[in-house]
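Read through the structure below, which is laid out as structure tokens, and then see the notes.
In this text the structure is predicted, and so the values were computed from the model without any measurement. What's counted below: heavy atoms across the whole structure, side chains too, no hydrogens, waters or symmetry copies. Throughout, protein chains are lettered first and strands after them, A, B, ... in sequence-line order, and every chain is numbered starting at 1.
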Amino acid sequence: MRRGRTKKPEHASRKMQNTSSRRPGLIALIKNYFLRHMQVMFYSIGQLSRTPFSSLMTSAVIGIALALPSAFFTLLDNVQTLSLGWDGNAQISLFMKYNVSNSDAQKLATKLRMRQEVKLTRFISREQALEEFRTHSGFGDVLDVLEKNPLPAVIVVVPATTLDTPDQIETLLTSLKNIPEVDLAQLDLEWVKRLHALLETAQRGITILAVLLGLSVLLVVGNTIRLGIENRRDEIVITKLIGATNRFIRRPFLYTGIWYGLIGGLLAWSAVFTTMMLLKAPVNRLADLYYSQFTLSLPGLENALLLVFSGALLGLAGSWIAVGRHLQDIEPT
Amino acid sequence: MRRGRTKKPEHASRKMQNTSSRRPGLIALIKNYFLRHMQVMFYSIGQLSRTPFSSLMTSAVIGIALALPSAFFTLLDNVQTLSLGWDGNAQISLFMKYNVSNSDAQKLATKLRMRQEVKLTRFISREQALEEFRTHSGFGDVLDVLEKNPLPAVIVVVPATTLDTPDQIETLLTSLKNIPEVDLAQLDLEWVKRLHALLETAQRGITILAVLLGLSVLLVVGNTIRLGIENRRDEIVITKLIGATNRFIRRPFLYTGIWYGLIGGLLAWSAVFTTMMLLKAPVNRLADLYYSQFTLSLPGLENALLLVFSGALLGLAGSWIAVGRHLQDIEPT
Amino acid sequence: MILFENVSKTYPGSHEALSNVSFHLHRGDMAFLTGHSGAGKSTLLKLIALIERTTRGQILIGGQNLAGVTKRKIPYFRRNIGIIFQDHRLLLDRTVFDNVALPLIIAGLDYREITRKVRAALDKVNLLNKEKQLPATLSTGEQQRVGIARAVVNKPPVLLADEPTGNLDPELSEEIMKMFEQFNQVGVTVLIASHDLELIKRMQHRTLVLGKGKLIAQFPEEDS
Amino acid sequence: MILFENVSKTYPGSHEALSNVSFHLHRGDMAFLTGHSGAGKSTLLKLIALIERTTRGQILIGGQNLAGVTKRKIPYFRRNIGIIFQDHRLLLDRTVFDNVALPLIIAGLDYREITRKVRAALDKVNLLNKEKQLPATLSTGEQQRVGIARAVVNKPPVLLADEPTGNLDPELSEEIMKMFEQFNQVGVTVLIASHDLELIKRMQHRTLVLGKGKLIAQFPEEDS
Ligand SMILES: Nc1ncnc2c1ncn2[C@@H]1O[C@H](COP(=O)(O)OP(=O)(O)OP(=O)(O)O)[C@@H](O)[C@H]1O
Ligand SMILES: Nc1ncnc2c1ncn2[C@@H]1O[C@H](COP(=O)(O)OP(=O)(O)OP(=O)(O)O)[C@@H](O)[C@H]1O
Ligand SMILES: [Mg+2]
Ligand SMILES: [Mg+2]
């Protein structure tokens with residue numbers, strides 16, 4: 001690329017027998033190239049800062065367009081940890097035979113936990129079962145009529161996360177059923193189905209949103225740069241007349257796009273951060289009600305870097321497209 | 001306003017002793033006024049349609065900014081009907097005394113339903129209670145050990161929607177407790193609390209979103225019109241030099257803003273409609289799993305009208321602000 | 001009609017562009033304004049059209065003190081002054097016809113009247129056959145003539161022209177100047193800034209000479 | 001250096017702006033191009049600068065056939081031609097210095113060299129004291145001189161000027177023309193479109209006269 005650029009003018013000027021044909025070395029050329037980029041970079045900052053209000057407004061539009069998908073993905077992230085950490089995946093309830101003692105059941109629970117296919121086990125003694133039943137079923141007082149605890153001990157088995165197909169879980173279920181102490185092994189399939197349906201809906205919704213929003217970021221950046229180009233039509237025509245290449249004309253626009261995107265990314269990050277801060281209190285209250293340890297995780301520094309970086313990238317892409325489309329159309333007359 | 005506008009030039013021209021001082025009647029003036037507005041309206045359509053791609057792009061940006069809040073509000077609307085119709089409000093479980101027969105309990109249920117404070121009642125016979133317990137608690141087989149059904153009949157009472165404060169529900173609860181056949185009246189307060197917490201979170205989240213998005217609509221429209229004004233700086237300067245009032249210069253911009261907003265509203269509506277269509281299938285699957293009659297309601301025609309109207313209004317507002325801010329700055333030199 | 005009393009104009013961050021200029025043009029006068037490049041000719045015309053405000057001194061147009069014309073009243077004031085700009089200032093995205101019609105549209109005339117008047121004005125500058133073209137497709141001289149047509153289309157009582165013949169060949173220049181004389185003969189007060197000293201001499205009208213912002217000569221001498 | 005062979009140019013939707021024009025300017029020649037408004041002078045210059053393409057015929061610049069200069073090569077081609085436009089075409093948001101520096105920045109010169117060359121060019125057009133001002137704060141004549149400085153700052157082998165003195169007073173016009181003569185004396189090929197017949201006559205250079213798109217006269221007669 002660089003060679004091509006420096007070769008052509010010499011070629012042209014040789015035809016015109018231009019007297020001033022210096023031939024600088026390669027290192028000088030590279031140095032010059034970077035120097036010129038730096039100049040354009042600072043020039044474009046200068047231009048933006050000369051109209052701070054409108055630059056900020058443009059960045060804000062991009063920022064909002066970026067903030068929305070990122071807020072959604074942060075939320076989705078949170079919901080996913082929520083659905084995992086809170087309620088676990090599918091879980092299997094093992095009801096002990098009626099004559100299995102608490103301590104035997106407890107031992108079995110400890111043994112099961114060693115198995116590879118098992119993530120964790122939770123032991124519910126006969127007394128705990130009765131207590132849970134009393135508080136949660138609403139039939140508490142009724143149980144007082146009974147002289148004997150009718151409930152067996154229960155071991156709740158959470159399969160390892162590596163088992164993700166229904167088949168693998170089914171295999172585990174059969175093997176658990178065959179344990180002598182176990183009366184009944186029940187897979188909470190209903191719950192799995194519901195979770196899947198829920199996540200499917202959420203994911204489809206968020207995918208549609210992400211597509212819409214990604215589109216809007218590109219549209220916003222592209223449109224802004226397009227209008228910026230329209231605004232500087234005279235400038236483009238004049239520099240073309242003086243002999244500027246498309247590459248030369250494109251450069252400041254690309255940098256402008258990058259700056260818009262960068263600042264927009266920063267704004268987006270602060271918007272997401274603020275939103276999460278505002279949501280933290282009610283979400284925690286909600287989690288408390290569900291006896292959950294869940295707390296909303298705030299977007300961190302790497303998130304900020306990602307947003308700023310993708311903002312800059314989108315800004316560059318948007319301006320590249322817009323400049324490419326429109327630079328061709330603007331020809332001097 | 002209108003009188004002022006026509007008076008001033010005459011005033012000025014009298015000072016200059018202009019010879020051509022016609023004095024048209026009021027009706028002619030009003031007719032002229034509307035005619036001119038129509039002209040500007042069609043002129044601005046013409047201008048937009050001359051650059052269809054960029055007009056559509058601008059409208060699309062506005063459309064997306066409008067589509068998002070409206071999609072969210074449609075979803076929130078759906079969630080609200082969902083939380084009402086699906087699980088009902090707070091509900092009170094009345095456990096009958098152990099010696100109350102199924103038929104007596106059923107009669108009581110019918111009687112209770114007549115009361116104003118009660119929306120509906122659901123009767124659960126002792127056998128149904130046992131069955132439900134068997135299927136849902138996971139302790140089914142255990143019950144086979146018992147020779148007698150330990151469960152009483154239950155009447156579930158859903159309070160009328162007119163009772164919306166905790167106090168009113170408390171009063172109802174006390175009155176139900178005092179019914180002789182009732183052993184225990186239990187208010188499902190937990191559920192109410194959870195629902196409230198959930199809705200609070202959703203509402204706070206959506207309010208933040210709506211603010212962000214409302215801001216973005218204004219920013220997008222304002223920014224677009226601002227760049228449009230910048231683009232036509234020469235035109236504004238020239239017409240000012242020829243003696244155009246600010247009102248005259250503002251008019252086409254306002255109409256342009258209205259058109260952008262209108263088209264943006266239409267695009268927003270189709271985006272929301274499409275999104276809802278795509279979400280319909282998984283949501284219905286989800287509802288089926290919960291044995292719910294719930295179906296996602298699509299936004300209707302009045303929704304479309306509202307969107308288009310508010311789009312036009314926002315377009316007008318955005319351009320009004322932008323034109324007001326920038327027209328002052330553009331003075332001929 | 002146009003009365004300057006000790007008018008000075010200093011642009012911010014610049015030296016005095018006009019200093020202490022006084023003269024009087026009566027209703028129906030026709031005068032030339034000349035001087036070297038940067039002498040202040042355009043500045044003087046801009047002060048009359050309220051594009052710039054005086055720093056000191058006062059200007060009276062038709063007995064009206066320009067200091068009293070507030071920002072809101074400027075548009076109505078300008079409708080009584082036809083201005084021909086040194087850089088024509090046409091709307092590039094509208095046809096020649098629409099450009100010339102603009103002052104009439106602003107004034108709120110109805111369509112038939114506009115058409116009639118625009119055609120008449122274009123005919124005078126010999127451009128009736130180009131009414132549907134865009135300004136960018138005209139030669140510079142043609143653009144300048146469109147600017148002239150626009151300035152005169154609503155028959156303003158005062159006509160200002162800044163170098164109206166700078167891009168015209170001598171023959172056409174003379175024709176255009178004759179046109180200004182015709183306007184003048186029906187009572188329009190005309191003030192023309194020009195470098196074309198030959199032409200000015202031949203026309204034998206009042207001439208104001210600016211030099212470095214000062215009025216350094218007048219032909220013929222003013223009695224005031 | 002500049003060779004026209006039966007060149008015709010028809011703008012879309014318009015009659016022929018140039019028809020069958022042939023002439024030859026040798027390296028180091030200086031010539032004037034004149035003719036009535038709309039005769040095709042600007043069109044002819046635009047064809048040389050590849051702003052427009054010929055409809056028929058061919059143009060050779062420095063032995064290079066312009067038909068062979070593709071769109072990608074146009075920028076490099078234009079760097080060897082200094083153009084002074086009828087409407088100066090300055091960047092309004094950059095200072096006089098930056099405007100004149102533009103061709104050098106495009107060529108990729110380093111800062112010190114740029115400063116030196118820009119100062120020299122501004123000095124030649126007598127505008128060194130205005131280098132930090134924006135074009136809008138200059139008089140039209142001053143703007144035109146900035147345009148001239150920009151065209152000559154990188155010493156192009158060909159210099160085209162479209163009405164370079166249209167907005168200048170006779171004295172300054174003569175000075176500027178002398179400047180063009182100086183360029184010509186160091187080997188630059190100069191072609192100037194102008195209406196100023198008096199000045200052209202005095203300068204005694206080759207003159208091409210266009211009329212309605214045709215080359216209707218040449219002084220002195222070309223032997224070719
Ligand atoms: N907006 C401005 N800010 C600062 N200085 C200005 C401004 N406009 C004009 N000037 C300066 O005022 C002086 C007079 O300018 P003016 O345009 O009136 O000259 P002119 O007589 O019209 O010249 P020309 O014949 O070249 O058009 C010039 O030196 C110019 O640089
Ligand atoms: N882009 C264009 N499209 C259509 N017609 C054009 C275009 N440019 C110029 N013309 C026509 O071509 C003819 C020659 O124009 P040109 O600009 O070359 O004239 P000129 O000799 O430079 O005149 P002037 O002295 O007024 O500048 C004119 O009649 C003009 O209307
Ligand atoms: Mg001037
Ligand atoms: Mg021309």
- request: Applying salt bridge (Lys or Arg N to Asp or Glu O under 4.0 Å), name anything that partners Lys214(D), two or more places apart in sequence or on another chain.
  value: none

field: Which portion of Ile74(D) sits near chain A, non-hydrogen atoms under 4.5 angstrom
entry: neither

- prompt: Which answer fits Asp93(D), side chain, backbone, both or neither, if we ask what part of it has an atom under 4.5 Å from a heavy atom of chain A?
  reply: both

query: Do Glu16(D) and Arg56(D) meet the salt-bridge criterion of a basic N to acidic O distance under 4.0 Å?
result: yes

- prompt: Relative to chain D, which of Thr239(A), Asp234(A), Leu241(A) shows the most heavy atom pairs under 4.5 Å?
  reply: Leu241(A)

Plane angle bin for His37(A) and Tyr255(A) - parallel if under 30°, tilted between 30 and 60°, otherwise perpendicular: perpendicular

message: Counting only non-hydrogen atoms closer than 4.5 Å, does Ile51(D) touch chain A with its backbone (N, CA, C, O), its side chain (CB onward), both, or neither?
response: both

Donor-acceptor pair between Tyr76(D) and Thr245(A) side chains, under 3.5 angstrom: no

Identify every side-chain donor-acceptor pair in residues 306-314 of chain A under 3.5 Å, counting partners at least two apart or on other chains, and give the distances.
from	atom 1	to	atom 2	distance (Å)
Ser310(A)	OG	Leu306(A)	O	2.9
Ser310(A)	OG	Leu307(A)	O	3.1

message: If I measure from the heavy atoms of chain D, does Ile238(A) come under 4.5 Å with its side chain, its backbone, both, or neither?
response: side chain

Heavy-atom contact with chain D under 4.5 Å, split by part of Glu331(A): side chain

